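The block underneath contains the structure these notes are about, expressed in structure tokens.
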Amino acid sequence: MKLLVKSIKQLVQTIHRRKSCVPETNYISLRNFDEVLDVGGKCVVPGLIDGHTHPVWSGDRVHEFAMKLAGATYLEIHQAGGGINFTVAKTKEAEEQLLLDLFLNRVSRMMRSGTTLVECKSGYGLEWETEFKMLRVLEAAKALTPVKISSTYCAAHSVPQGKTPEEAADDIVMKQIPALQSEMQAGRLGVDSIDVFCEKGVYELEDTKRILLAGRNIGLRMNFHGDELHPLGGGELGGGIGAEAISHLEQLSEAGIQKMAASGTCAVLLPTTALALQLPHPPVRKMIQAGIPVALGSDFNPNAFCLSMIKSKPVSIFVKWENLIYQLGMADDLIAAVIIAGQVVHRKQATAKSETGLREACEVPLIVLRGLLMHDAVEPAARGFSSVRSLTLAPLVGQLQSIHDESVRF
Ligand SMILES: N=CN[C@@H](CCC(=O)O)C(=O)O
């Protein structure tokens, strides 16, 4: 079926020196299309790409709210056996089917907010059996949702209780990665990246490097958590080994900026988490000026329950109003959410400015926003309405798949 999406009210032909400004070959005849979708007055943008999520888990962590209100920090809760470790225990005991159902519910809500490709991490298993279960959930979901999924193996998300970081790194490098490789070679798992929570008291630089390089040896992209809570040198490490991406980066140093820029390592910014944990803002302007490709992610996880890329926008705008640092303009925001985030998860390299980057962005499905400008979408989202019509148009003129949203009306 050929579909034409009209997003303008009226076409006006311009004549210059008695000649039409639009060559006749460029005329579009409505007769050539099976369906014409008039979205006049709405903004059509490439589908959003969420560059960082932890969406497979069971058991919520609302009880930690009280601890946070009483002043406990993220790392204090983590080190006391809560946080990630709490979710690990709950995810371990959860049936695979339950994890799949929870995931599908979450991903459908992401889709209703305009996300069309999402990077999904494992990391609430730590040991192979549960990590494998999480990766199988993601694999099964690929056939059950129109949202594209890029899987990331993240067994190094926390050090399992009773192990030192070195022992846990040994287990990952010597047992888990070979097991993952055989599953991938047998075609049972498609995994794109490897991730490590590189943080003081979790996996520090040496262990992080060892785990990332072991992942790279089996063909995975190196895409890890760095410089979030302490300035450990994650940027320098990632740039030095040519990592594809580093997330968080609130504590990124000047040297880290230079290293990342030199190696073309993407920064994945997670404004919702920075706000929830009241972290200082990453040096976004400096990153962009140095030429680091900047992407955005929702960082959906039990600690930062944000399923929507659009809803994370008011956060960056709020931050700007507060005269704190993000300063991503509307265009930067869109580029960060659709193009660079794609670079984080795609095997193909593309920069925002290159034609390939733009073409790649156009290859993602299109979504239709409620308002005329990207800007308008922020308002209803901030009030809790879904601001995006769930339409997939692949590509601009192509097949319309109305994604399970019977209520689509313009
Ligand atoms: N910082 C580490 N990982 C996650 C949080 C995971 C959790 O708290 O469950 C993040 O990216 O924010």
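As the structure lists them, so they are numbered: ligands from 1, and atoms in each ligand from 1. Please read these numbers as outputs of a predicted model, since none were measured by experiment. One-based numbering along the sequence shown.
Residue contacts with ligand 1 for W57 are absent, since no atom lies close enough (heavy atoms, distance under 4.0 Å). Contacts between R61 and ligand 1, counted as non-hydrogen atom pairs separated by less than 4.0 Å, involve the side chain only.
Among residues at least two apart or in separate chains, side-chain hydrogen bond (donor to acceptor under 3.5 Å, both in side chains) pairs with a member in residues 204-219 are D170-R210.
By the 4.0 Å heavy-atom criterion, G83 is excluded from the residues contacting ligand 1. In this structure, E199 has no heavy atom closer than 4.0 Å to ligand 1. Residue contact check for ligand 1: I84 places a non-hydrogen atom closer than 4.0 Å to it.
Under 3.5 Å, the side chains of E119 and T53 contain no donor-acceptor pair of N or O atoms. For T130 and E127, the side-chain atoms include at least one donor-acceptor pair closer than 3.5 Å. Between S158 and N85, the side chains place a donor N or O and an acceptor N or O closer than 3.5 Å (distance only, hydrogens not considered). Side-chain atoms of D299 and T272 include no donor-acceptor pair closer than 3.5 Å.
Counting the atoms of ligand 1 from 1 in the order shown, those under 4.0 Å from a heavy atom of P302 are 9 (O). For ligand 1, the atoms sitting less than 4.0 Å from at least one non-hydrogen atom of N303 are 8 (O), numbered in the order shown with element in parentheses. Short contacts between ligand 1 and Y124, defined as distances under 4.0 Å to a heavy atom of the residue, involve ligand atoms 6 (C), 7 (C), 9 (O). Every atom of ligand 1 with a heavy atom of H52 under 4.0 Å away is listed here by number and element: 11 (O).
If you check which protein heavy atom lies closest to atom 3 (N) of ligand 1, you get H157 NE2, 2.9 Å. For atom 5 (C) of ligand 1, the closest heavy atom belonging to the protein is Y74 OH, 3.2 Å. Shortest contact from atom 1 (N) of ligand 1 to any protein heavy atom: E228 OE1, 3.1 Å.
In terms of N/O distances under 3.5 Å, ligand 1 is approached by D299. When only interatomic distances are considered, the shortest N/O to N/O separation between H54 and ligand 1 falls below 3.5 Å. Polar contact check, T273 against ligand 1: no nitrogen or oxygen pair lies under 3.5 Å apart.
A centroid separation of 6.0 Å or more is found between the aromatic rings of F300 and H52.
When each of T87, L98, D101 is tested with S58 by the rule side-chain contact (heavy atoms from CB on, under 4.5 Å), just one qualifies, namely L98.
When atom types are taken as modelled, the side chain of Q176 and the backbone of L126 share a donor-acceptor pair closer than 3.5 angstrom.
Note: H225 and H54 have tilted aromatic rings, judged against thresholds of 30 and 60 degrees for the angle between ring planes.
By the 4.5 Å heavy-atom criterion applied to side chains, S150 and D192 are counted as neighbours.
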